[in-house]
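Below is one structure, written out as structure tokens; comments come after it.
Within every chain, numbering begins at 1; the chains are lettered A, B, ... in the order of the sequence lines, protein sequences first and strands thereafter.
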Number of protein chains: 2
Amino acid sequence: MPPRKSPQVPFIQSLDRGLTILRSVALSPQPVSLGEIADLLDIDRSSAFRLAHTLRRRGFLACPPGRKDYVLGSSMWTLSHQYDWSNMLVKVAHPELKLLATQINETAHLAIREGKNALFIDSAHATHVIAVAGQTGELVPLYCTAHGKALLADADERELRAQFGAGPLQKYTKNTITSIKALAKECDQIKQRGFATDESEYGSEMRCVAAPIRLGNELIVGSIGISAPALRFGRELYPDYAAKVCQVADRIGQYLSGAETKP
Amino acid sequence: MPPRKSPQVPFIQSLDRGLTILRSVALSPQPVSLGEIADLLDIDRSSAFRLAHTLRRRGFLACPPGRKDYVLGSSMWTLSHQYDWSNMLVKVAHPELKLLATQINETAHLAIREGKNALFIDSAHATHVIAVAGQTGELVPLYCTAHGKALLADADERELRAQFGAGPLQKYTKNTITSIKALAKECDQIKQRGFATDESEYGSEMRCVAAPIRLGNELIVGSIGISAPALRFGRELYPDYAAKVCQVADRIGQYLSGAETKP
DNA sequence: TACAGCATTGCGTTTTATGCAACAACTCTG
DNA sequence: CAGAGTTGTTGCATAAAACGCAATGCTGTA
């Protein structure tokens with residue numbers, strides 16, 4: 001039998017169109033005119049006008065002063081800022097976090113960026129292992145921890161300077177990276193290979209692997225990783241742990257990006 | 001004749017409803033169930049389902065793993081982050097900036113927050129006045145400039161510590177605030193009165209007044225202010241300048257928040 | 001196991017969104 | 001300066017889309 005081609009769930013056409021408008025306006029570097037909207041959706045200008053008007057009335061679109069074309073409105077800004085994304089991240093990631101912790105039998109952490117720090121927002125401990133550093137709620141520097149560096153993966157030198165200033169960075173241990181240039185290079189590597197490490201750069205005798213969680217394989221919204229005392233976590237374990245962490249980070253990212261669970 | 005009560009422009013009902021759903025989900029600290037959505041809009045469950053489904057398919061809503069209720073989806077996050085808000089801010093603010101500069105006959109600046117710095121994204125110079133510090137593109141510290149402190153107005157002590165760490169802040173001039181506690185108090189004052197000042201706290205012999213630009217009288221998205229050498233800009237000018245700056249900041253904020261230009 | 005609550009689907013009806021056409025404001029062009 | 005061509009906006013009749021109702025699954029519970 002042929003695969004069902006028609007979607008069983010009917011779509012609300014006008015809502016769908018409105019969201020498409022929102023998307024195209026958001027992704028366009030320029031204000032979008034009514035004609036472009038009508039073209040894009042292949043509908044009449046009057047319809048486009050009414051859709052755009054509703055979006056504008058709700059604050060999702062706006063018109064630059066004097067102009068008649070559309071840009072994103074304040075609602076998008078406000079709503080996405082007021083929303084507690086970390087909460088959502090925790091909910092999605094927690095099962096994976098637990099799985100990771102039990103698989104490897106170490107502590108797994110979930111972190112997000114908060115200013116120039118990484119903030120641990122969740123963790124899962126292997127049952128019989130003594131808790132290591134990095135409790136939920138703790139803030140650690142971005143530039144000298146695996147989680148922090150994972151969160152910085154996409155930053156270039158200019159961006160790093162904006163965050164940390166021109167001067168040298170505080171040296172916590174003998175392994176701490178203190179120059180912006182070196183940090184930029186490290187970030188680049190992390191971006192390439194997909195994970196970051198912490199060779200006792202902040203706390204001594206600790207190792208950590210962390211991978212950025214990306215929305216749509218782009219935007220970094222958090223990081224997931226495993227930490228353990230260097231005694232138990234030897235360098236030879238990096239490949240294995242890193243692979244697992246990357247896989248999990250990727251799965252979480254896919255899920256957050258709205259991957260469908262198609263039967 | 002009576003004022004026209006019926007809105008001349010017809011509304012797209014289903015789009016409007018969809019946006020209302022988006023709003024309520026974004027503002028709810030908890031996932032929102034189908035029933036709640038149906039209740040909120042006073043429509044049938046089936047309709048609510050189809051609307052929510054459309055939003056989900058487009059990534060504006062998502063379901064937590066395993067659960068059947070709704071949270072914000074990644075599209076909101078992605079779209080609002082990829083969007084170049086500063087560009088919009090510049091476009092809206094530039095005329096006001098020019099007006100301000102010519103009225104007072106000094107230089108006016110527009111800034112946004114970028115990490116722990118304020119970034120000047122636009123400026124307007126009075127015709128015959130020599131340019132002062134703060135060119136477009138320049139980064140200045142948040143804690144010791146009027147623009148920076150305006151951008152920090154809503155921060156509490158905890159937030160400030162997260163940004164600047166526990167240690168004392170770098171002292172640029174004899175007036176630089178170096179303790180977080182003092183900074184927190186200053187921010188509180190700024191929030192109360194609506195504007196921030198810079199008493200040569202960063203550059204010497206310079207004064208500046210700046211006010212935060214707020215979305216919906218809440219979220220701070222930028223700052224606008226006037227700078228001048230202390231020689232020309234005496235303390236006695238603060239009240240007048242501050243009032244003007246606040247008024248302009250407010251107007252820009254109102255506009256950005258989607259104020260309608262009703263005839 | 002049966003029931004209760006909720007999500008999901010089918011279907012006929014009615015609302016509602018749509019395209020057409022006309023109008024207005026404005027720009028470009030000859 | 002005038003006329004032709006855009007582009008934004010409103011009115012209206014029709015066609016289609018969205019809606020509510022009711023029936024069907026699905027899941028968790030007494």
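- In this structure, CZ of A/Phe49 is placed 13 Å from C1' of C/dA25, rounded to the nearest angstrom.
- For A/His53 and D/dT7, the NE2 to P distance is 21 Å, given to the nearest whole Å.
- By the side chain to side chain contact (heavy atoms under 4.5 Å, CB included) test, A/Asn217 pairs with A/Asp250, A/Gln254, sequence neighbours left out.
- Under the salt bridge (Lys or Arg N to Asp or Glu O under 4.0 Å) criterion, B/Arg214 pairs with B/Asp154, not counting sequence neighbours.
- Classified by interplanar angle (parallel below 30°, tilted 30° to 60°, perpendicular above 60°), the ring pair A/Phe49/A/His53 is tilted.
- Comparing the helix axis at one end of the helix from C/dT1-D/dA30 to C/dG30-D/dC1 with that at the other, each defined from 5 consecutive pairs, gives an inter-axis angle of 30° (nearest 10°).
- Taken residue by residue, residues 20-37 of chain A places no heavy atom nearer than 4.0 Å to DNA chain C.
- For the salt bridge (Lys or Arg N to Asp or Glu O under 4.0 Å) test, residues two or more places apart in sequence or in another chain that qualify with B/Glu114 are A/Arg158.
- One can find a donor-acceptor pair under 3.5 Å joining the base of D/dC21 and the side-chain atoms of B/Ser46.
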Restricting both atoms to N or O, compile the protein contacts to nucleotides 11-17 of chain C shorter than 3.5 Å, with distance only.
unit_1: C/dT16; atom_1: OP1; unit_2: B/Gln13; atom_2: NE2; d: 2.8
unit_1: C/dA17; atom_1: OP1; unit_2: B/Gln13; atom_2: N; d: 2.8
unit_1: C/dA17; atom_1: OP1; unit_2: B/Ser14; atom_2: N; d: 3.2
unit_1: C/dA17; atom_1: OP2; unit_2: B/Phe11; atom_2: O; d: 3.1
unit_1: C/dA17; atom_1: OP2; unit_2: B/Gln13; atom_2: N; d: 3.2

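- Checking A/Lys68 against A/Asp42, the closest nucleotide of DNA chain C that is more toward the 5' end is the one next to A/Asp42.
- Atom CG of B/Leu55 and atom P of D/dA18 are 13 Å apart (whole Å).
- Taking B/Asp240 as the reference, B/Lys244 meet the salt bridge (Lys or Arg N to Asp or Glu O under 4.0 Å) condition, with sequence neighbours excluded.
- With sequence neighbours left out, A/Arg17 forms a salt bridge (Lys or Arg N to Asp or Glu O under 4.0 Å) with no residue at all.
- At whole-Å resolution of the value, CG in A/Asp44 and C1' in D/dT10 are 12 Å apart.
- Applying the side-chain hydrogen bond (donor to acceptor under 3.5 Å, both in side chains) test to every pair with at least one member in residues 21-33 of chain B, sequence neighbours left out, gives these pairs: B/Ser33-B/Glu36.
- Taking only side-chain atoms of B/Arg45, from C-beta outward, the nucleotide of C/dG19, D/dT10, C/dC6 with the closest atom is C/dC6.
- Take A/Asp39 and apply the side chain to side chain contact (heavy atoms under 4.5 Å, CB included) test, not counting sequence neighbours, and it matches no residue.
- The separation between A/Asp16 atom CG and D/dA18 atom P is 9 Å, rounded to whole Å.
- If you measure from atom CD1 of B/Ile43 to atom C1' of C/dA7, you get 15 Å, rounded to the nearest angstrom.
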Using distance only, find each side-chain donor-acceptor pair of residues 63-71 of chain A under 3.5 Å and give its atom names and separation, not counting sequence neighbours.
unit_1: A/Arg67; atom_1: NH2; unit_2: A/Asp69; atom_2: OD2; d: 3.1

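- Looking at residues two or more places apart in sequence or on another chain, you find no ring-ring contact (aromatic ring centres under 6.0 Å, His included) involving A/His94.
- Donor-acceptor pairing under 3.5 Å is lacking for the side chains of A/Asp16 and A/Ser14.
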